[in-house]
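See structure below.
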Amino acid sequence: MTSNSIAPLKITLDEVKPVVLRRVEVPLTIRLDRLHLVLQAAMGWTNSHLYEIRARDVGWGMPDPDWGGGPLDARKARLVDVLEDTGAKTLKYLYDFGDGWEHTVKIERVTEVARASHTRS
């Protein structure tokens, strides 16, 4: 995995019928707070609630200094590091803790960006 790697993601909103599914591609080096914004746009959410991105038993979001034991800071974690550190291929994205919208985010594969070669005539 390099800084030119792209991760195609399959995002599924859990426990709803009919199935709500989106596919996006993100740079593997994306910070988790930015991944949250991508997921918001892909799913049509309004970014007006708290969120958490989970890999195995670790969670990232916006920590609250007044509430200990919350998620790690999503602004300080990159997708590539989460995948390498946890070995996860699937993440959980929790949005709006009151209504409890849970999503499964599957990393379908990791590919390298093809660099365009430019020739001058």
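All heavy atoms count here, side chains included; hydrogens, waters and symmetry mates do not.
Side-chain contact between Thr12 and Val19: present, with at least one pair of heavy atoms (C-beta onward) separated by less than 4.5 Å. Under the 4.5 Å side-chain criterion, counting only non-hydrogen atoms from C-beta, Thr90 is not in contact with Ile107. Counting heavy atoms from C-beta outward, Thr29 and Asp81 have side chains that stay 4.5 Å or more apart. Using a 4.5 Å cut-off on side-chain heavy atoms (C-beta onward), Val58 and Trp60 make contact.
The distance from the CD atom of Glu15 to the NZ atom of Lys17 is 9.5 Å, given to the nearest 0.5 Å. Taking CG of Leu72 as the start and CD of Glu52 as the end, the distance is 9.0 Å to the nearest 0.5 Å. To the nearest 0.5 angstrom, Asp73 atom CG is 9.0 Å from Arg31 atom CZ.
Taking both residues in full, the closest heavy atoms of Leu28 and Leu79 are given as O-CB, 3.5 Å, listed atom of the first, atom of the second, then distance. Contact detail for Ala42 and Arg22: the closest heavy-atom pair is O-NE, 2.9 Å.
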Under the side chain to side chain contact (heavy atoms under 4.5 Å, CB included) rule, what do His49 and Phe97 come out as? Steps first, then yes or no, please. CA-CA 8 Å; His49 299 284; Phe97 299 154; over 6 Å; no

Could you go through the side chain to side chain contact (heavy atoms under 4.5 Å, CB included) check for Leu39 and Val105 one step at a time? CA-CA 9 Å; Leu39 298 172; Val105 180; 4.3 Å; yes

Is there a side chain to side chain contact (heavy atoms under 4.5 Å, CB included) between Leu13 and Leu21? Walk through the geometry before answering. CA-CA 7 Å; Leu13 182 57; Leu21 175 125; over 6 Å; no

Apply the test side chain to side chain contact (heavy atoms under 4.5 Å, CB included) to residues Trp101 and Asp14: give CA-CA distance (whole Å), side-chain angles for both, the deciding distance (0.1 Å), then the verdict. CA-CA 8 Å; Trp101 298 108; Asp14 298 343; over 6 Å; no

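In terms of modelled atom types and a separation under 3.5 Å, the side chain of Gln40 and the main chain of Asn47 share a donor-acceptor contact. Between the Arg75 side chain and the Arg34 main chain, no donor and acceptor come within less than 3.5 Å of each other. Panel note: side chain Asp96, backbone Gly98; a donor-acceptor pair is recorded below 3.5 Å. A donor-acceptor pair under 3.5 Å links the side-chain atoms of Thr86 to the main chain of Ala88, judged by distance alone. At distances below 3.5 Å, at least one donor-acceptor pair connects side-chain atoms of Arg54 with backbone N or O atoms of Asp57.
When hydrophobic clusters are built by joining Ile, Leu, Val, Met, Phe, Trp and Tyr residues whose side-chain heavy atoms come closer than 4.5 Å, directly or via intermediates, Val38 is not grouped with Leu94. Val24 and Val20 fall within a single hydrophobic cluster, where Ile, Leu, Val, Met, Phe, Trp and Tyr are joined by side-chain heavy atoms under 4.5 Å apart, directly or via other members. Cluster membership check: Tyr95 shares its hydrophobic cluster with Val16, using side-chain heavy-atom separations under 4.5 Å among Ile, Leu, Val, Met, Phe, Trp and Tyr. One hydrophobic cluster, built from ILVMFWY side chains closer than 4.5 Å, holds both Leu91 and Ile11.
Every pair passing salt bridge (charged side-chain N to carboxylate O under 4.0 Å, His left out) that includes a residue from residues 101-111 is listed here, sequence neighbours excluded: Arg23-Glu108, Lys92-Glu102. Applying the ring pair (Phe, Tyr, Trp, His ring centres under 6.0 Å) test to every pair with at least one member in residues 25-44, sequence neighbours left out, gives these pairs: His36-Tyr51, His36-Tyr93.
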